[in-house]
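Reading through the structure tokens given below for one structure.
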Amino acid sequence: MKSRFAPSPTGYLHIGGARTALFAWAWAKKQQGQFVLRIEDTDRERSTQASVDAILDGMNWLGLAHDEGPFYQTQRFDRYQEIIEQLLSENKAYYCECSKERLQVLRDELTEKGEKAKYDGCCRDKKLKSGVVRFKNPLTGFVTFKDAVKGQISIGNQELDDLIIARSDGTPTYNLTVVVDDHDMDIDTVIRGDDHINNTPRQINLYEALGWSLPKFAHLPMILGSDGARLSKRHGAVSVMAYRDEGFLPEALLNYLVRLGWSHGDQEIFSLSEIVELFDLENINKAPASFNQEKLLWLNQEYIKTSSVENLLKNLAWHLDNQSVDTSKGPVIEAVIKHLQERSKTLVEMVDSLKMFYHDFDEFDKKLAAKQFKDSQPIELLLTKLEVLDDWVADNIKEQIKQTCEELGIGFGKIGQPFRLALSGNGNAGNIDVVAQLVGKDRTLARLQMALDYIAQHSH
RNA sequence: GUCGCGUUCGUCUAGUCUGGCCCAGGACCCCAGGAUUUCAUCCUGGUAACAAGAGUUCAAAUCUCUUACGCGACGCCA
């Protein structure tokens with residue numbers, strides 16, 4: 001069994017493409033089949049190597065590995081040429097010399113008359129020797145096929161026209177290449193976006209003209225933006241890699257994407273192996289779905305919370321580098337990650353929270369400092385106690401805070417809050433004793449002293 | 001315009017094929033309470049939907065028809 005993902009390299013890998021790829025991948029994996037990656041680069045004007053690289057990067061980051069390919073259609077031109085010649089010689093295709101201008105006028109006229117704009121077959125029987133090559137689509141009858149997600153679809157051949165299969169420069173076009181490739185590559189399930197549904201009957205006619213058997217088709221509904229319009233840049237990030245940049249875990253994105261249009265009862269969380277095990281074509285929704293950042297964020301948080309530290313560290317590497325955080329001097333990073341994973345929605349947020357353990361800061365948050373740094377006495381007392389603390393572990397630090405409270409007859413908040421601010425600079429820190437342990441003795445003492453200096457400076 | 005596809009809480013969806021268990025369930029968001037050393041987490045509860053109309057039936061979210069709305073295709077793009 002084989003499925004494929006066949007993007008055209010005219011931009012980065014976007015969310016919609018990624019979901020199509022995921023579904024095709026999951027379907028192949030579920031059946032222990034092969035997943036083929038094919039680059040549809042026959043449009044020489046728009047295809048770029050940068051886009052190919054971007055797509056490969058995106059697939060790689062998501063972990064959707066292909067078993068075959070990537071195949072490039074531009075390297076298969078001989079094969080397409082062969083098929084075009086065959087069709088021509090069998091009188092199933094013909095040359096057409098109609099100018100683009102004539103075609104445009106024709107379209108305008110038909111639209112104005114309220115008819116479907118399609119080629120009129122002007123050159124069908126002229127036996128020309130040059131120009132574009134058009135496929136002789138049947139004039140009558142219906143093309144009916146069963147789509148795995150949409151059900152039975154039927155369209156009259158009268159709605160279809162003689163599509164161009166080769167441009168005037170001889171290069172083949174999409175509808176021809178996709179048929180030849182899916183056949184040659186033994187693809188038995190074609191999974192793609194439902195914007196291709198209208199092409200399917202034409203392709204079926206091509207399959208039939210070539211005497212080839214049909215693959216199964218599964219057309220996925222589109223992904224819409226929050227306003228119901230087709231997902232685009234103005235809805236926020238559409239590039240898969242932008243989600244990495246924003247601190248999402250690939251497995252969280254994958255989980256979100258698989259639930260966009262597919263369901264398995266009420267289950268929300270799917271590990272990669274569960275996706276492979278449970279995925280099916282029957283439970284794909286027919287209707288388009290809107291992309292919802294909030295739910296993705298929730299899933300990401302769930303994954304960060306439950307992920308192994310090793311996995312987090314692996315994914316964090318890029319962000320650490322990106323934000324120039326040097327973790328060589330300070331606590332063991334695994335311990336910090338463990339502390340932070342309960343309280344980070346994204347990896348970006350985690351790296352942000354992680355900075356205070358490795359980098360010193362010059363000043364405190366002004367508003368908070370004005371509020372918390374009023375009374376030097378608790379901080380002073382705590383500092384003297386911590387200075388002589390030998391065994392620098394959370395429990396002992398906590399004990400010193402408690403004693404400070406008791407000796408001064410104050411509540412935990414009176415010392416906890418200033419301490420938290422002193423340690424973090426911005427007040428954002430988890431369990432204060434654990435944080436202090438991780439920050440380390442030297443840095444903790446220095447920061448408490450810095451808080452004291454602040455109070456001295458600001459009291460009059 | 002023509003053809004194709006679609007329509008369950010704000011969003012993702014279960015239920016639809018095989019009518020009754022659905023005055024419609026789960027999740028995200030939001031709101032209210034609780035636990036908590038800020039943040040976060042966690043727990044409890046709440047708001048909120050079968051696009052509209054007609055028909056079939058003892059019974060319809062589920063079957064049929066019509067309407068509306070949305071999306072897509074109509075390229076020498078894929």
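Here is the naming used below: chain letters follow the sequence lines, and residue numbers restart at 1 for every chain.
- Among residues two or more places apart in sequence or in another chain, the salt bridge (charged side-chain N to carboxylate O under 4.0 Å, His left out) test is passed with Lys116(A) by none.
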N/O-N/O pairs, protein side and nucleotides 43-45 of chain B side, under 3.5 Å:
none

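- Thr173(A) contributes no side-chain N or O that forms a donor-acceptor pair with the base of C76(B) under 3.5 Å.
- With sequence neighbours excluded, no residue forms a salt bridge (charged side-chain N to carboxylate O under 4.0 Å, His left out) with Arg420(A).
- For residues 92-120 of chain A, there are no ring-ring contact (aromatic ring centres under 6.0 Å, His included) pairs, not counting sequence neighbours.
- Residues of residues 194-202 of chain A having a heavy atom closer than 4.0 Å to RNA chain B, listed by number: Asp195(A), His196(A), Ile197(A), Asn198(A), Asn199(A).
- Residues from residues 128-140 of chain A placing a heavy atom under 4.0 Å of any atom in RNA chain B, listed by number, are Val132(A).
- Within residues 412-427 of chain A, the residues that place at least one heavy atom under 4.0 Å from RNA chain B are, in residue-number order, Phe412(A), Gln417(A), Arg420(A), Gly427(A).
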Can you give each donor-acceptor pair under 3.5 Å made by side-chain atoms of residues 394-414 of chain A, sequence neighbours left out, with the distance rounded to 0.1 Å?
unit_1    : atom_1 : unit_2    : atom_2 : d
Asn396(A) : ND2    : Asp391(A) : O      : 2.9
Thr404(A) : OG1    : Gln400(A) : O      : 2.7
Glu407(A) : OE2    : Lys385(A) : NZ     : 2.6

Please tabulate, for the side chains in residues 136-148 of chain A, all donor-acceptor contacts under 3.5 angstrom to protein atoms that are two or more places apart in sequence or on a different chain.
unit_1    : atom_1 : unit_2    : atom_2 : d
Lys136(A) : NZ     : Asn91(A)  : OD1    : 3.2
Asn137(A) : OD1    : Asn205(A) : ND2    : 2.9
Asn137(A) : ND2    : Asn157(A) : OD1    : 3.3
Thr144(A) : OG1    : Ser154(A) : OG     : 3.0
Asp147(A) : OD1    : His219(A) : N      : 3.2
Asp147(A) : OD1    : His219(A) : ND1    : 2.6
Asp147(A) : OD2    : Val149(A) : N      : 2.9
Asp147(A) : OD2    : Lys150(A) : N      : 2.9
Asp147(A) : OD2    : His219(A) : N      : 3.2

Output one line per pair: protein atom, nucleotide atom from nucleotides 23-27 of chain B, and distance, for all N/O pairs under 3.5 Å.
unit_1 : atom_1 : unit_2    : atom_2 : d
G25(B) : N2     : Asp266(A) : OD1    : 2.6
G26(B) : N2     : Glu268(A) : OE2    : 2.8
A27(B) : O4'    : Glu268(A) : OE2    : 3.4
A27(B) : N3     : Lys295(A) : NZ     : 3.4

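- Residues passing the side chain to side chain donor-acceptor pair (under 3.5 Å) test with Glu380(A), sequence neighbours excluded: none.
- Here the closest heavy-atom approach between residue Asp41(A) and residue Pro9(A) is recorded as CB-CG, 3.7 Å.
- Among the heavy atoms of the strands lying under 4.0 Å from Ile432(A) is at least one base atom, whether or not backbone atoms are also near.
- Residues that satisfy the side chain to side chain donor-acceptor pair (under 3.5 Å) test with Glu97(A), not counting sequence neighbours, are Ser130(A).
- What separates CG of Asp169(A) from C1' of G75(B) is a distance of 15 Å, to the nearest Å.
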